[in-house]
Amino acid sequence: MQNPPHAASRADGPAGSQGAGTSISARAMGALRPDAAAYLEGLNPEQRRAVETTEGPVLVLAGAGTGKTRVLTTRIAHLIATNRARPYDILAVTFTNKAAREMKHRIGALIGPAGEGMPWLGTFHAIGTKILRRHAELVGLKSDFTILGTDDQLRLMKQVILDQNVDEKRWPARALSHAIDGWKNRGLGPEQVPAGEAQAFAFGKGAALYTAYQARLATLNAVDFGDLLLLCLKLWRENPDILQTYQSRFRYILVDEYQDTNVAQYLWLRLLAQGHRNVACVGDDDQSIYGWRGAEVDNILRFEHDFPGAVVVRLERNYRSTGHILAAASGLIARNEGRLGKTLRTDDEPGERVTVTGAWDSEEEARQIAEAIERLQGKKHPLSEIAVLVRISAQMREIEDRFVQLGLPYRVIGGPRFYERAEIRDALAYLRVTANPADDLAFERIVNTPKRGLGDATLQQLHAYARAERVPLLLAARRLCETDELKPRVRSTLRALTESFSRWARSVETQPHSEVAQTILEESGYTEMWQKDRSADAAGRLENLKEFVRSMEEFPDLAGFLEHVSLVMEASEAEGAERVSLMTLHAAKGLEFDTVFLPGWEDGLFPNQRALDESGRAGLEEERRLAHVGLTRARKRAKLSFAVNRRIHGLWSSTIPSRFIDELPEASVDVVEAPAHFSAGASRFGRNPAPFGSSYGTPGWQRAQAAISGRGFGASAGGGRSGGPSGGPRQIEGELVAKSTGSPSAFQGGQRVFHTKFGPGTVAGVDGNKLTVDFDKAGRKMVLDSFLQPG
DNA sequence: TTTCCCTCGTTTTTT
DNA sequence: ACGAGGGAAA
């Protein structure tokens with residue numbers, strides 16, 4: 001394999017017309033290729049260069065919508081098709097399981113089943129796990145180690161903090177967890193933490209806590225996510241021979257989303273890449289939005305320095321967005337200083353300009369968005385091609401409320417993950433103890449779930465015994481039941497539990513694991529617990545449990561299932577329905593939609609004040625990249641908006657439009673103004689609307705009304721259901737201006753009424769001029785009678 | 001052991 | 001405003 005048949009001369013493929021310096025034979029050879037390689041067709045010259053520069057380090061700077069995934073998958077197909085590598089010679093790492101799955105899928109489509117068997121295509125963590133299982137004993141583990149999720153991690157930290165006599169009030173487990181995660185992200189083991197930082201935590205106990213935490217993990221035969229990479233580094237550093245086998249095994253290395261790598265991942269890659277040095281990293285420094293969780297933009301900025309002789313390919317031709325959208329995004333991101341610099345361009349038409357709309361408050365903003373969506377819907381715009389991207393999840397509530405009122409179908413992307421739901425984690429804990437009786441953390445989670453009278457006191461006894469005898473909790477429980485240490489009632493409950501676990505463990509040997517799971521959930525009383533629960537979401541939880549058991553069937557055995565779960569914490573998404581998507585900007589990375597709404601462009605919210613406070617200019621630049629990501633999600637329409645008043649932590653505060661709005665290139669932006677114009681004089685977008693400075697407060701609703709009707713401020717562009725006729729008295733949420741006047745109402749219970757916002761309904765109760773109305777669509781609301789008409 | 005109340009925090013999220 | 005989690009009372 002030293003001389004592959006089609007050894008590429010240099011980067012210039014046949015498409016590169018810079019023939020100078022390319023040998024005749026090479027060109028002749030290239031001329032053959034288009035036939036031989038259908039998969040290369042349709043690639044532009046830069047993409048092709050990124051695919052065909054197979055030898056040596058390559059950095060592909062792939063702007064948004066420039067065909068990044070295509071390059072990555074084609075490159076793999078190319079390596080295999082030209083016999084440069086077999087599927088198992090290639091290491092391809094991604095960040096998310098979703099990305100890994102998609103890549104597998106697309107490679108399969110390109111080269112057929114040959115791509116199915118890429119054993120080393122996966123997330124950093126999945127590959128790290130695979131490697132660690134093979135050499136577990138060399139890093140002090142057994143090969144069936146468990147991978148702890150965040151909740152287990154936290155519980156462990158709490159124990160460690162307690163053990164070390166640190167005040168848990170002052171140094172909460174979360175903070176320790178944060179610190180340790182940070183160290184692990186930077187590739188630092190307990191001994192390598194800089195003394196200063198270790199000192200800073202808990203009066204110098206930082207290092208001791210870290211060490212103790214690792215020791216606890218080791219005794220539990222468990223690792224956390226950080227360890228999956230960190231322990232690989234340790235393994236390789238201490239065993240050069242093993243490192244070398246991996247270095248020579250991976251002839252070609254590919255990395256997706258390189259801008260998101262942290263230091264540990266970078267070190268991990270660098271060690272592996274030192275073998276063949278054929279490492280291709282694909283990323284976009286302008287889409288680095290995970291700095292807060294350890295991603296180092298520096299990794300991508302430093303690539304040429306770290307891999308001397310690297311070829312850098314820029315993909316700047318955008319196939320996604322229209323001209324104005326691209327211009328807006330480019331103009332914005334150009335304000336960042338720490339970037340390698342790319343200029344996206346498109347051959348597409350200029351299209352619609354990016355719109356900017358102001359609203360009086362966040363509720364009106366939500367109303368405007370919903371109306372705009374309904375208008376689009378009226379023009380046959382598919383809802384699945386519309387997305388609303390928010391900066392923080394708290395923004396979603398009002399928008400959802402509005403959608404619910406209108407009966408507009410939507411889905412929230414990136415909500416609580418399936419495997420993170422309490423009922424699923426509980427069920428998992430039962431399975432974990434069944435599969436591995438030494439899994440103390442899982443045991444602790446469910447000893448008293450459902451409630452069976454085994455509380456703290458009992459647990460303390462178990463712990464004491466377990467620690468003294470150096471046995472797992474379950475075994476400790478079993479032994480203590482044989483003594484008179486426990487109160488009779490506790491003893492019998494505990495004995496029943498331990499016996500159940502023994503029984504379940506036995507049945508795993510003989511029965512299908514999903515059936516065992518079903519049995520466990522029933523016999524333990526867990527299902528019953530939710531059946532008795534009267535809260536609203538109990539039914540959903542039971543549904544989830546069913547789905548959980550069903551999903552187990554896809555795996556060959558219990559161990560396989562548990563491994564999958566610990567690495568793949570994502571929701572099973574019901575695809576396909578015709579719905580608007582609602583998500584955070586972070587969750588939107590990698591997705592695209594025809595129309596994208598971007599609400600909440602207000603200073604303090606976006607750019608987020610906290611990001612600014614904590615990371616200064618770097619924070620601002622990351623926020624700006626986030627804005628850039630948001631804009632570049634749109635294919636045809638991007639609609640920005642801001643509200644001048646927003647409720648923050650329950651308090652109404654006035655806000656000013658985001659500085660990012662003023663950074664957009666004017667030529668690509670349309671300001672959608674209310675009929676009577678929204679601000680005279682001030683800057684282009686009505687920055688700092690004079691009459692309501694920061695002094696605006698809750699009692700000011702009178703002023704608010706005056707301002708709105710007087711200036712037409714933020715009146716919805718399309719009229720429609722939210723506002724009265726323009727110029728007339730504006731309606732604000734009935735609740736907000738609700739002031740009981742005491743004057744008797746013209747309405748009576750049972751009467752049919754109509755409300756401009758909520759539609760038709762029936763009066764359920766009367767209190768002065770405040771009415772309780774059961775609306776046909778919106779449910780029960782308190783409204784003022786002045787907003788109602790007899791129906 | 002359980003239940004109720006009070007305090008605290010509240011960007012973004014993967015594995 | 002609001003929910004989660006911890007501590008004190010039943």
Side-chain angles (χ1 to χ4, degrees), chain A residues 93-100 122-129 147-154 158 168-169 172-175 178 181 184-185 223-230 256-257 260-262 264-265 288-295 389-398 413-417 419-420 422 447-448 450-460 487 489-490 493 563-571 583-590 600 604-615 619 622-623 625-627 629-630 646-653 698:
Chain A
V93 275
T94 62
F95 274 84
T96 63
N97 294 295
K98 195 174 153 214
T123 62
F124 277 100
H125 299 270
I127 290 168
T129 307
I147 301 162
L148 264 37
T150 358
D151 53 325
D152 288 328
Q153 216 183 105
L154 230 48
K158 254 177 216 166
E168 214 223 316
K169 280 279 164 52
R174 304 191 34 194
H178 184 78
D181 273 350
K184 288 187 174 178
N185 283 340
V223 298
D224 62 23
F225 283 113
D227 287 335
L228 293 174
L229 296 165
L230 207 54
D256 190 18
E257 307 278 18
D260 289 339
T261 49
N262 60 35
Q265 287 156 340
S288 165
I289 54 175
Y290 285 111
W292 48 273
R293 67 179 194 212
L389 311 182
V390 296
R391 176 62 183 84
I392 63 172
S393 358
Q395 285 174 264
M396 290 187 191
R397 232 263 334 258
E398 283 168 309
I413 301 206
R417 260 146 280 284
Y419 291 118
E420 279 168 18
V447 210
N448 203 27
K451 304 249 185 295
R452 39 171 85 89
L454 300 174
D456 263 356
T458 314
L459 205 55
Q460 288 306 326
K487 291 187 193 127
R489 202 169 52 202
V490 172
T493 331
E563 166 97 358
H564 164 84
V565 166
S566 56
L567 285 171
V568 185
M569 302 284 275
E570 46 185 89
M583 71 194 94
T584 63
L585 285 160
H586 283 90
K589 192 165 81 152
L605 178 61
F606 190 36
N608 189 270
Q609 192 56 48
R610 202 147 153 181
L612 262 33
D613 293 343
E614 280 169 20
S615 322
E622 182 152 315
E623 294 287 300
R625 290 193 292 268
L626 204 46
V629 166
R646 187 175 296 273
R647 197 173 243 186
I648 299 166
H649 305 326
L651 294 169
W652 283 98
S653 22
T698 322

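Order of the sequence lines sets the chain letters (A, B, ...), proteins ahead of strands, with each chain counted from 1.
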### Query
Are A/Phe95 and the base of B/dT14 stacked, counting only ring centres nearer than 5.5 Å and planes tilted under 30°?
no
### Message
Check A/Arg647 with A/Glu398, please: is the shortest side-chain N to carboxylate O separation under 4.0 Å?
### Response
no
### Query
Just by distance, do the side chain of A/His125 and the backbone of A/Leu567 share a donor-acceptor pair under 3.5 Å?
no
### Sugar-phosphate only, base, or nothing, as touched by A/Lys158 at under 4.0 Å among non-hydrogen atoms
sugar-phosphate
### Query
What does A/Asp260 touch in the nucleic acid at a heavy-atom separation under 4.0 angstrom: a base, only the sugar-phosphate, or nothing?
nothing
### Query
Under 5.5 Å between ring centres and under 30° between planes: true for A/His125 and the base of B/dT14?
no
### Message
If you only use heavy atoms from C-beta on, which nucleotide in C/dG7, C/dA1, B/dT15 is closest to the side chain of A/Lys169?
### Response
C/dG7
### Query
What's the closest nucleotide to the A/Ala587 side chain, out of B/dT13, B/dT15, B/dT12?
B/dT13
### Query
Just to confirm, is there a sub-4.0 Å distance from OP1 or OP2 of B/dT15 to any side-chain nitrogen or oxygen of A/Asn185?
no
### Task
Classify the side chain of A/Arg293 and the base of B/dT12 as holding, or not holding, a donor-acceptor pair under 3.5 Å.
no
### Task
Between B/dT13, B/dT15, C/dA1, spot the one nearest the side chain of A/Trp292, thanks.
B/dT13
### Query
Of A/Ala394 and A/Gly455, whose nearest nucleotide on DNA chain B comes first from the 5' end?
A/Gly455
#### Entry: A/Arg397, nearest nucleotide to its side chain (from C/dC2, B/dT13, B/dT1)
C/dC2
### Task
Would you mind telling me which of C/dA1, B/dT15, B/dT12 lies closest to the side-chain atoms of A/Thr150?
B/dT15
### Of A/Lys451 and A/His649, the one whose closest DNA chain B nucleotide lies more 5'
A/Lys451
### Query
Closest to the A/Thr96 side chain: B/dT15, B/dT1, B/dT13?
B/dT15
### Task
Check every strand shown and say whether A/Lys184 touches a base, only sugar-phosphate, or nothing at a heavy-atom separation below 4.0 Å.
nothing
### Task
Answer with base, sugar-phosphate or nothing: what part of the nucleic acid does A/Asp224 contact at a heavy-atom distance below 4.0 Å?
nothing
### Query
So what does A/Glu614 hit on the nucleic acid, given a heavy-atom distance under 4.0 Å: a base, only sugar-phosphate, or nothing?
base
### Summary
Side-chain contact check for A/Ile392: nearest option of B/dT1, B/dT12, B/dT2 is B/dT12
### Task
Would you indicate which nucleotide in B/dT15, B/dT13, B/dT1 comes nearest to any side-chain atom of A/Thr458?
B/dT1
### Any side-chain heavy-atom pair of A/Trp292 and A/Glu614 under 4.5 Å
no
